[in-house]
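Values below: all heavy atoms of this structure, side chains included; hydrogens, waters and symmetry mates excluded. Note that the coordinates shown come from a computational prediction; the quantities given were computed from them, not determined experimentally. In listed order, ligands and their atoms are each counted from 1.
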Amino acid sequence: MRTLCVPVNQEGIIEAVRILKEGGLVAFPTETVYGLGGNALNEQAIEAIFEAKGRPGDNPLIAHVSGIEEAKRYGEWNDLAQSLAEAFWPGPLTLIVARKPDMPARISAGLSTLALRAPSHPAAQALIKACGFPIAAPSANRSGCPSPTTAKHVLNDMDGVIPLILDGGPSEVGLESTVLDATGEVPLILRPGAVTPEMVAMTVGECKVAESVMRQLRDDESAPSPGMRHKHYAPKARMTLVEGETGKVREALTLMAARLENAWVFALDGVMDGVEEVKVKNLGRDAKEAAHNLFYLLRQADEEGVTRIFAQALPKDGLGLAVMNRLARAAGFDIRQAEDVLQFQEKS
Ligand code: AMP
Ligand code: MG
């Protein structure tokens, strides 16, 4: 199959809608990352998405809808979902509610619940509205690779596998949506994203974060969100995070990276100023910029054959939690204290 990559304009949208209506797959930009879309009501299209991504069959997909009215047709709506959707839709928040029979069970990997999101990106909205059906759209990467934040990333993973990629430039947020379980009394974040626990709590009074967000699940443990079990966001390079006071982090990162050939350091703007013996990649000025840049940098490291990455750990407040969740997973939860690294160095 030939894969066409075309700009998001009227012609591109018309072609995308034609393919989606025929049950085919199209990659398109959203404000979070690029999505691999198919008709959510068509079981064959859903199957094709799992196959194109190489996605494990037990990892459910998100159904993208135009807004609250459409969401109510497929999910059992409640007051919590209503308040959160009113506050954050269209935008980077996925709501988990009970699934209605009109939505095929396959999209939820057999779970009784359904993940729903109304994206704000104009291209995504145009597609959903023109199709008239919800669009199942996981991130448009091969399973296990970092999510794509440019059309070129999608092409790298999906060339020859899907017929069309709509190119809308780099994704604004750069990390996947917040996934929030809205089936209980209290909202529970299963995957952190740009809609932060603080923002949710401001809107509905409280918000919990699944404890498994910042640790690896054991094999025998059941996952609140099946995606958390799978290896995610992994670059080819082995990755280690370093936590602690900025000066010590700088010293530790320098020490660890300087003795290796093919190593990069990821750090916030200014942290590595004056250090010349290591190759530094700037994460940006704050967590928001780090979110925007992280997957791009992980893919760049792969392209350039980097074998080792040492990254500064970020504070876990606000959007920092989402960035740290992805960083920690990319690093297989190898997180070290700068002080320990430096002490070990003194001893040896
Ligand atoms: P992606 O579409 O690649 O951003 O991944 C979707 C994420 O949402 C995965 O981590 C899924 O495990 C999670 N998800 C989708 N549906 C459900 C559901 N019904 N219950 C819990 N998590 C879900
Ligand atoms: Mg994904």
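The shortest distance between side-chain heavy atoms of Leu84 and Leu180 falls below 4.5 Å. The side-chain heavy atoms of Val200 and Val195, taken from C-beta on, include a pair separated by under 4.5 Å.
Contacts of Arg55 with ligand 1, taken as heavy-atom pairs under 4.0 Å, involve the side chain alone. Neither the backbone nor the side chain of Arg99 comes within contact range of ligand 1; no heavy atom lies under 4.0 Å. Neither the backbone nor the side chain of Asp181 comes within contact range of ligand 1; no heavy atom lies under 4.0 Å. Residue contacts with ligand 1 for Pro60 involve both N, CA, C or O and side-chain atoms from C-beta outward (heavy atoms, distance under 4.0 Å).
Ring centroids of His153 and Phe295 are separated by 6.0 Å or more, keeping the two rings apart.
Residue side and main chain included, Ser143 places no N/O/S atom under 2.8 Å of the Mg ion (ligand 2).
Between the side chains of Ser177 and Thr94, a donor-acceptor pair is found at a separation under 3.5 Å. For the residue pair Glu86/Gln82, the side-chain donor-acceptor check at 3.5 Å is satisfied.
Which parts of ligand 1 touch Val179 is read off a 4.0 Å heavy-atom cut-off, strictly below it: atoms 8 (O). Within ligand 1, counting atoms from 1 as listed, the ones closer than 4.0 Å to a heavy atom of Leu111 are 18 (C), 19 (N), 20 (N). Within the listing of ligand 1, atoms 18 (C), 19 (N), 20 (N) sit less than 4.0 angstrom from a heavy atom of Thr113. Listed by atom number, the atoms of ligand 1 under 4.0 Å from Ile62 heavy atoms are 2 (O), 6 (C). Interface atoms of ligand 1 facing Asn59, defined by a heavy-atom separation under 4.0 Å, are 9 (C), 11 (C), 12 (O). Interface of Arg191 with ligand 1, defined as ligand atoms under 4.0 Å from a residue heavy atom, comprises 1 (P), 4 (O), 5 (O), 6 (C), 7 (C).
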When the side chains of residues 249-267 are checked against the rest of the protein, which donor-acceptor pairs come out under 3.5 Å, sequence neighbours left out?
unit_1	atom_1	unit_2	atom_2	d
Arg250	NH1	Val271	O	2.6
Thr254	OG1	Arg250	O	2.6
Asn262	ND2	Gly305	O	3.3

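Between His64 and Phe28, the ring planes lie perpendicular to each other; the angle is over 60°, past the 30° to 60° tilted range.
Across the listed options Ile96, Thr32, Ile107, Ile96 owns the non-hydrogen atom lying nearest to atom 21 (C) of ligand 1.
Between Ala124 and Thr30, the shortest heavy-atom distance links the atoms CB-CG2, 4.4 Å.
Using 4.0 Å as the threshold, Ser108 has no heavy atom nearer than that to any atom of ligand 1.
Among pairs with a residue in residues 102-128, those fulfilling salt bridge (Lys or Arg N to Asp or Glu O under 4.0 Å) read Glu31-Arg117, Glu47-Arg106, at least two apart in sequence or across chains.
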